[in-house]
Amino acid sequence: MKKEIALKVKSKFVNKYKSGYPLIFKEAMMNVQALEEEGTIVKLVSERNQFIAKGYYGKQNKGYGWILSQKENEPIDQSFFERKIKKALQLRKKFFDSTETTAFRVFNGEGDGIGGLTIEYFAGYYLINWYSKGIYHFREEIIQSLQNLVEYKAIYQKKRFDTKGQYIEEDDFVTGERGQFPIVVKENGIHFAVYLNESAMVGVFLDQREVRRTIRDKYVKGKSVLNTFSYTGAFSVAAALGGASKTTSVDLANRSLNKTIEQFSLNEIDYEAQDIIVEDVFNYFKYAVRKQLKFDMVILDPPSFARSKKYVFSAEKDYKNLLKEAITITENNGIIVASTNCSSFGMGKFKGFIETAFKETGEKYKILEEFSLPSDFRTIKEFPEGNYLKVAFIKKLG
Ligand code: SAH
């Protein structure tokens with residue numbers, strides 16, 4: 001038996017954990033200094049040493065690990081992980097059965113009972129994301145569980161736990177037969193090229209599936225679309241397939257040009273009829289204002305935090321100003337798709353940014369629809385901050 005460490009929970013946090021809060025965080029504990037080795041099983045106890053829950057120690061920017069069980073006698077072993085993954089797989093049955101969508105998340109961290117771990121499926125390939133050394137400690141049990149439960153072409157992994165909580169660059173292949181990348185996945189009939197062994201990001205963010213479908217099916221026929229922070233141009237592809245008159249994709253990463261050409265080409269869209277611009281979005285806004293460009297739809301999907309040569313962007317501090325830039329170059333009765341994956345604020349505060357941005361520009365608006373994470377990104381009500389995605393379709397009233 002590996003040694004377990006008892007963490008004493010401060011009395012005012014005891015009920016929080018009893019009612020199912022999954023994250024172990026410093027402020028709630030009396031003795032985090034007792035934690036030494038990541039991957040250690042941690043028993044949360046009250047000041048009088050009564051059992052509350054157990055979990056593992058794993059350092060992430062979010063906290064010190066995750067609760068795994070409320071049962072004192074439940075062993076955290078191979079069979080434990082296999083039960084959790086099996087349940088998660090069952091809940092994604094409709095995704096496995098779909099012929100139109102072949103890429104989705106099969107295991108979503110604390111939403112499926114194991115924080116710090118996600119597993120995604122890409123047309124026969126599985127990708128495991130480890131978010132701490134602590135969860136990586138259980139790799140043998142977890143990989144074995146997956147192997148027992150599914151058929152696969154290959155399993156890949158991303159270790160997202162260097163000292164800054166970033167991706168560790170190395171060969172991501174785990175087992176099976178190495179893929180020939182890109183592999184092509186389908187999402188509601190849209191094709192995307194996916195690279196599982198290239199960098200931290202694989203080419204498409206699966207959490208935006210419903211947003212892409214909505215853009216394609218409801219809003220863009222005959223419309224001009226500006227896609228900012230466009231990465232591989234996934235939103236632009238959805239817009240072009242929905243009949244947009246033209247898309248403009250802007251991202252400052254050099255890779256975005258070839259990646260976007262590739263995504264358009266896979267979907268048989270003539271990329272030369274689209275604009276793909278490698279530039280800082282904030283410079284592009286200035287250019288657009290100078291040229292008096294206006295778009296029927298402007299998509300904003302920035303990272304939570306980004307530093308470019310000239311600008312620092314933090315969603316929490318700067319989203320309102322980003323919206324103001326977008327409002328200026330959106331046609332009357334046009335749509336702004338405002339998206340953020342920043343987990344430090346919720347939909348209420350996000351709507352506050354929208355309200356203020358429109359007030360300060362003297363324009364009127366209406367929110368037409370809202371999105372959060374899709375069902376394969378399972379979340380639990382005890383941990384609302386796990387539902388990080390916020391997307392609003394905003395009409396700028398003319
Ligand atoms: N919207 C994309 C995902 C965005 S990922 C999608 O749906 O797939 C964030 C992207 O923002 C990255 O590709 C990064 O290169 C880009 N980025 C970050 N700061 C930027 C800036 N100041 N100007 C332009 N692009 C930026």
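First listed ligand is number 1; within each ligand, the first listed atom is number 1. As a basis for the values below, the full set of heavy atoms in this structure was taken, side chains included, without hydrogen atoms, waters or symmetry mates.
Looking only at protein heavy atoms, the nearest one to atom 25 (N) of ligand 1 is Leu252 N, 3.2 Å. The protein heavy-atom contact nearest to atom 4 (C) of ligand 1 is Phe229 O, 3.2 Å.
Cluster annotation: Phe104 and Tyr125 are assigned to distinct hydrophobic clusters (Ile/Leu/Val/Met/Phe/Trp/Tyr, side-chain heavy-atom contacts under 4.5 Å, transitive).
Every atom of ligand 1 is numbered from 1 in the order shown, and the set under 4.0 Å from a heavy atom of Ala253 is 15 (O).
More than 12 heavy atoms of other shown residues, nucleotides or ligands fall within 6.0 angstrom of atom CD in Glu100. Surrounding NZ of Lys59 are at most 12 heavy atoms belonging to other residues, nucleotides or ligands under 6.0 Å away.
Counting only non-hydrogen atoms, the option in Ala306, Ala238, Pro303 that gets closest to atom 9 (C) of ligand 1 is Pro303. Within the set Val281, Val237, Asn283, the minimum heavy-atom distance to atom 23 (N) of ligand 1 is found for Val281.
Side chain to side chain, Ser145 and Gln78 meet the donor-acceptor criterion of an N or O pair below 3.5 Å.
If you look at Phe13 and Phe25, their ring centroids are closer than 6.0 Å.
Within the structure, ligand 1 has Asp251 among the residues with a heavy atom less than 4.0 angstrom away. Ligand 1 lies within reach of Arg255, whose nearest heavy atom is under 4.0 Å from it.
In terms of modelled atom types and a separation under 3.5 Å, the side chain of Arg213 and the main chain of Gln208 share no donor-acceptor contact. Judged purely by atom type and a 3.5 angstrom limit, Asp112 has no side-chain atom pairing as donor or acceptor with the backbone of Ala88.
Contacts with ligand 1 closer than 4.0 Å are made by no heavy atom of Lys309, backbone or side chain. Residue contacts with ligand 1, taken as heavy atom pairs separated by less than 4.0 Å, involve Phe205 solely via side-chain atoms from C-beta onward.
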